[in-house]
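Computed from a prediction, not measured in an experiment: that's the story for all the values here.
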Amino acid sequence: MDFEAKAHRIVKVPKAYFWSRLRAFDSIQSLLPDSIVEVRLPDNFSNNVGDIRYVYLEDPYPGEVIERLDGFVNESFLTYSIVDKSCLPMVNYVACVSLKEVSENETDVNWTSHFKPTEASEEEVTELLSGLYNLIFDNIEKQYLETSL
């Protein structure tokens, strides 16, 4: 049985800014600098559908996560998944992120994922993922403010 984790909120950045940060599939470390130790990219990486990134994490789940960019549409929708085995306590992970412009400086972001927990409970994995998505929202807002000053 698969489970779901969500984060939905109005993020105080322009939609184009959020989209550019999300679409920079090779730059995930900039969105989670305290969690990600390193990101490795294959030589043929082109930041397009089908590309793979190798993400290396620290505690509480040290190790490798291999993610694939599965698709994106019209600067409003992106989906990615974890392929192969990862250090995270789940399998069959796929996430979808949708964006809607609320105003010139606000974006409605809905980040939803599906997974099957393995070495942790459904609640633990759901909390981990929802917290991660909200941390990305926080970091994008903070970084946008820093670039706007």
Have [X] and [Y] got a donor and an acceptor in their side chains that come within less than 3.5 Å?
X	Y	value
Thr79	Asp70	no
Tyr133	Ser113	yes
Ser121	Glu124	yes

Determine, stepwise, if the pair Phe3 / Tyr93 fulfils ring pair (Phe, Tyr, Trp, His ring centres under 6.0 Å). CA-CA 9 Å; Phe3 296 95; Tyr93 175 89; over 10 Å; no
Do other residues, nucleotides or ligands put more than 12 heavy atoms under 6.0 Å from Glu38 CD?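 It does: Glu38 CD has more than 12 such atoms within range.
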Is the number of heavy atoms from other residues, nucleotides or ligands within 6.0 Å of CG (Asn48) greater than 12?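 Yes.
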On the ring face of Tyr80, is Arg68 found with NZ or CZ under 6.0 Å from the centre and within 45° of the axis?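 Geometry flag: not set, cation outside 6.0 Å or 45°.
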Taking the side chain as every heavy atom from C-beta outward, state whether [X] and [Y] have any pair of such atoms under 4.5 Å apart.
X	Y	value
Ser76	Lys15	yes
Arg21	Leu31	yes
Leu57	Ile36	yes
Ile28	Val39	yes
Val109	Val97	yes
Phe18	Phe137	yes
Val91	Phe115	no
Ile52	Val83	yes

Main chain of [Y], side chain of [X]: is a donor-acceptor contact present, judged purely on distance under 3.5 Å?
X	Y	value
Thr118	Met90	yes
Thr112	Cys96	no
Asp108	Ile10	no
Asn92	Lys116	no
Glu141	Lys12	yes
Ser130	Glu127	no
Asn47	Arg23	yes

Tell me whether Leu132 is reachable from Tyr61 by hopping between hydrophobic residues (I, L, V, M, F, W, Y) whose side-chain heavy atoms are closer than 4.5 Å.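 As far as the 4.5 Å side-chain criterion goes, Leu132 and Tyr61 are connected within one cluster.
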Can you list every pair that meets salt bridge (charged side-chain N to carboxylate O under 4.0 Å, His left out) and has a residue in residues 55-67, with sequence neighbours left out?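 For residues 55-67: Arg53-Glu67.
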As a quick check of understanding, evaluate salt bridge (Lys or Arg N to Asp or Glu O under 4.0 Å) for Asp138 and Arg9, giving each step before the final call. CA-CA 11 Å; Asp138 292 344; Arg9 86 179 201 217; 2.6 Å; yes
Applying ring-ring contact (aromatic ring centres under 6.0 Å, His included), can you list everything that pairs with Phe72, at least two apart in sequence or on another chain?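 If we apply the ring-ring contact (aromatic ring centres under 6.0 Å, His included) test to Phe72, skipping adjacent residues, there are no hits.
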Locate the shortest heavy-atom distance separating Phe77 from Trp19; write the atom from each residue and the value.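 Scanning both residues, the minimum pair turns out to be O-CH2, 3.5 Å.
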Who pairs with Glu4 by salt bridge (Lys or Arg N to Asp or Glu O under 4.0 Å), at least two apart in sequence or on another chain?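 For Glu4, the residues satisfying salt bridge (Lys or Arg N to Asp or Glu O under 4.0 Å) (neighbours in sequence not counted) are Lys6.
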